[in-house]
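What follows is one structure encoded as structure tokens, with my remarks underneath.
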Amino acid sequence: MRLSRSFLPTFKENPAEAQIVSHRLMLRSGLIRQTASGIYAWLPAGLRILRNISQIVREEQDSVGAQEVLMPTLQSADLWKRSGRYDAYGPEMLRIQDRHKRDLLYGPTNEEMITDIFGQIINSYKELPQTLYHIQWKFRDEVRPRFGVMRGREFLMKDAYSFDLNYEAAVASYQRMMLAYLRTFQRLGVRAVPMRADTGPIGGELSHEFLILAPTGESGVFYDAALEGQDWLDTPVDVTDPAALETFYKRVTTPYAATDEMHDTTAWEAVPEERRREGRGVEVGHIFHFGNKYTKAMDVSVVGADGERLYPEMGSYGIGVSRLVGAIIEASHDDNGIIWPDAVAPFKAVIINLKAGDETCDAVCEGIYNKNTEDFLYDDTSDRAGTKFANADLMGHPWQIIVGPRSAKEGRVELKRRATGERHDLTVDEALSLVLAGA
RNA sequence: CGGGCAGUAGCGCAGUCUGGUAGCGCAUCAGUCUGGGGGACUGGGGGUCGUGGGUUCGAAUCCCGCCUGCCCGACCA
């Protein structure tokens, strides 16, 4: 993308409406525009980030056997009356009527709908297990939206739903999803720690929240440093083998980790002092086993081996995709702007032409740009160097390929890594191979 | 939903108390000089002052209603 032709409005000053750093940076770097309280339009660069995150989420869901569907945003109230949640949900649910005065709602979640669809299609125990997911916009009419996309009313979420024949199989589904989540967050370039969460009225132990560590997080977190630095992408787990899953699960859940809500002082003090980590975190994922609550309420069953009716055991698994954009920024920025992890950055690199109009600079820049017009942002504007640097830092591109008139004559460029500030004087080819290699 | 604050140019703000031709900085447009960390100078364009009503010779300014947004709290992925 050529910056001179882009729809990428950046600002030097902070909009007054934004208080927290991620909200400010998202507005200033031209990712979003607010259109109503808690509702945002995503501009081109913001949309790229959303897509990058979605794609990683998708790949990791697929890799543990979940299948993608796409359910609608609008749902019939009848569905929710069947589960009893239409009355129970309260004013956070946005209720709508169509022209025939039929009650509809903008979905805040999809347990009812997926259970209904599942029930229409699956009849036999032989067809289990099934895990389905979709990435779709949701709406919760929060009393007080704030913090930009971190606490919006409309938000993009991945939600998955597992259906199993019995509790043991449901546990395996839950554990598979935990692995997928650890891999997803690792690929996104952030540390998200799973923490035991409150299971509410259903009880049981199978509920975990995933929190990204960031000083501005809404929850206090306590965890054992043993959870740091584990490479889940490099940890092979046979997701079809319950024993292997159980071993993996023990490894993740044995070290202490809890939010302030679930904090257990006694257990905490059993953690060796040098391994105790305290901080704040933003919840970006939640996995939950809830048994046959919905299959029973909605009378969705399958036929078992002996011809009896069985109510499948369900779990649901959410990742706040749009919230992650804000959360990643909270965890990864400095005074100059955003520092995008490579995997989510809207552009792999920005090419900074320090003297647009200079024959050599233009030629070198064009040469680089043409190698990858899709993933490079080319700053071909006639702004001054300082403006371009400030803008590049603000937008947080992982790499800056700086092309100045002196070095361009020798076919050399300067390559700056946003995260570290390191700069290297390299040939065009050397710079390109570093940038295109990824990190 | 309780408490507080604010709507004036794309963004940040002054002007409102004490009514009298709507301003500043950034951005933008034209030009000159500049040219490696948001540069300088000259000239220009851009505003139903959130909205409806009222008071007044005259309202951004005073009065009343409404809408929208922000902050703190309770709530929440």
Side-chain angles (χ1 to χ4, degrees), chain A residues 7 9-20 23-24 27-30 33-40 89-93 107-110 135-160 181 192 197-198 200 207-212 217-219 259 261 281-288 316-327 335-337 352-358 361 379 381-395 400-408 413-414 416 421 423 425:
Chain A
F7 197 72
T10 57
F11 293 94
K12 193 169 155 184
E13 290 173 286
N14 280 319
E17 70 200 49
Q19 300 302 314
I20 64 162
H23 191 192
R24 288 178 171 175
L27 289 166
R28 282 186 56 203
S29 65
R33 273 301 154 93
Q34 178 165 326
T35 64
S37 178
I39 302 179
Y40 295 85
Y89 213 90
E92 285 202 348
M93 178 186 280
T109 179
N110 286 67
I135 299 173
Q136 178 62 290
W137 293 93
K138 309 270 190 291
F139 194 92
R140 288 182 197 167
D141 199 359
E142 296 282 346
V143 199
R144 190 185 156 206
R146 60 186 129 168
F147 305 150
V149 300
M150 299 262 285
R151 180 84 184 276
R153 291 194 291 174
E154 190 182 45
F155 53 95
L156 187 63
M157 186 173 173
K158 184 285 300 182
D159 40 326
Y181 273 41
D198 191 0
S207 178
H208 285 87
E209 293 176 355
F210 288 76
L211 288 100
I212 287 185
E218 72 263 340
S219 313
T259 61
E261 283 180 329
V282 181
E283 184 184 349
V284 290
H286 198 157
I287 59 178
F288 202 92
S316 74
Y317 316 90
I319 289 180
V321 175
S322 51
R323 168 177 258 211
L324 260 167
V325 180
D335 289 346
N336 295 325
I352 299 179
N353 187 339
L354 285 182
K355 195 168 184 182
D358 175 88
C361 282
D379 188 345
T381 65
S382 53
D383 286 329
R384 300 171 63 83
T387 304
K388 295 190 179 202
F389 290 140
N391 234 292
D393 286 348
L394 172 65
M395 286 191 277
Q400 296 173 15
I401 303 171
I402 301 161
V403 181
R406 286 189 295 274
S407 50
V413 298
E414 192 175 347
K416 175 183 163 183
R423 295 154 176 271
D425 182 48

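Lettering follows sequence order; numbering is per chain, from 1.
- Residues passing the salt bridge (Lys or Arg N to Asp or Glu O under 4.0 Å) test with A:Asp159 are A:Lys138, sequence neighbours excluded.
- Shown here, B:C17 forms no base pair; nothing in the strands shown gives a Watson-Crick or G-U wobble contact with both key distances under 3.5 Å.
- The side-chain contact (heavy atoms from CB on, under 4.5 Å) search around A:Asn14 returns A:Arg24, A:Arg28, not counting sequence neighbours.
- The same atom, C1', is picked in B:G45 and in B:G39; the two are 23 Å apart, to the nearest Å.
- Counting non-hydrogen atoms under 4.0 angstrom, A:Ser219 reaches nothing in the nucleic acid.
- Evaluation of the side-chain contact (heavy atoms from CB on, under 4.5 Å) rule for A:Glu13 yields no partner, not counting sequence neighbours.
- Straight-line distance from the CZ atom of A:Arg24 to the C1' atom of B:C11: 14 Å, rounded to whole Å.
- Judged by Watson-Crick or G-U wobble contacts below 3.5 Å, the nucleotide B:A9 has no partner.
- One C1' atom belongs to B:G3, the other to B:A74, and the distance between them is 11 Å to the nearest Å.
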Grab the N/O contacts between the protein and nucleotides 4-8 of chain B below 3.5 Å, and write none if there aren't any.
none

Margin query: Output one letter per nucleotide in nucleotides 36-50 of chain B: B when a protein non-hydrogen atom lies under 4.0 Å from the base, S when only the sugar-phosphate is that close, - when neither is.
Written below: BBBB-----------
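- Considering only residues two or more places apart in sequence or on other chains, A:Glu154 meets the salt bridge (Lys or Arg N to Asp or Glu O under 4.0 Å) condition with none of them.
- Closest of all the heavy-atom pairs between A:His286 and A:Ala197 is NE2-CB, 3.8 Å.
- The side-chain contact (heavy atoms from CB on, under 4.5 Å) search around A:Thr10 returns A:Leu8, A:Asn391, A:Leu394, A:Met395, not counting sequence neighbours.
- With a cut-off of 3.5 Å on both pairing distances, the Watson-Crick or G-U wobble partner of B:G2 is B:C72.
- Comparing the C1' positions of B:C24 and B:G4 gives a spacing of 29 Å, expressed to the nearest Å.
- Annotation: salt bridge (Lys or Arg N to Asp or Glu O under 4.0 Å) contacts of A:Lys388 (sequence neighbours excluded): A:Asp379.
- Taking 4.5 Å as the limit, some side-chain heavy atom of A:Leu324 sits within range of a side-chain heavy atom of A:Ile212.
- B:U51: Watson-Crick or G-U partner is B:G65, with both key distances under 3.5 Å.
- The partner of B:G37, taking Watson-Crick or G-U wobble pairs whose two distances both stay under 3.5 Å, does not exist in any strand shown.
- With both ends at atom C1', the span from B:U8 to B:A60 equals 7 Å, rounded to whole Å.
- Under the rule for a salt bridge (Lys or Arg N to Asp or Glu O under 4.0 Å), the partners of A:Glu218 that lie at least two apart in sequence or sit in another chain are A:Arg323.
- Not counting sequence neighbours, the partners of A:Ala385 by the side-chain contact (heavy atoms from CB on, under 4.5 Å) test are A:Leu354, A:Phe389.
- B:G12 and B:G47 are spaced 16 Å apart, taking the C1' atom of each and rounding to whole Å.
- Rounded to whole angstrom, the span from the CG atom of A:Asn14 across to the C1' atom of B:G25 amounts to 16 Å.
- Across B:U48 and B:U55, the matching P atoms stand 26 Å from one another, rounded to whole Å.
- Residues meeting the ring-ring contact (aromatic ring centres under 6.0 Å, His included) test with A:Phe139, sequence neighbours left out: A:Tyr106.
- Comparing B:G43 with B:U56, their P atoms sit 45 Å apart, to the nearest whole Å.
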Next item on the list: Between protein and nucleotides 69-77 of chain B, map the contacts as a letter string: B base, S sugar-phosphate only, - none, heavy atoms under 4.0 Å, written 5' to 3'.
Entry: SSBBBBBBB
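- Nucleotides B:G20 and B:G58 have their P atoms positioned 15 Å apart, rounded to a whole Å.
- Nucleotide B:U56 forms no Watson-Crick or G-U wobble pair with any nucleotide shown, as no partner meets the under 3.5 Å limit on both distances.
- Under the 30°/60° scheme for interplanar angles, the aromatic rings of A:Tyr181 and A:Phe210 are found to be tilted.
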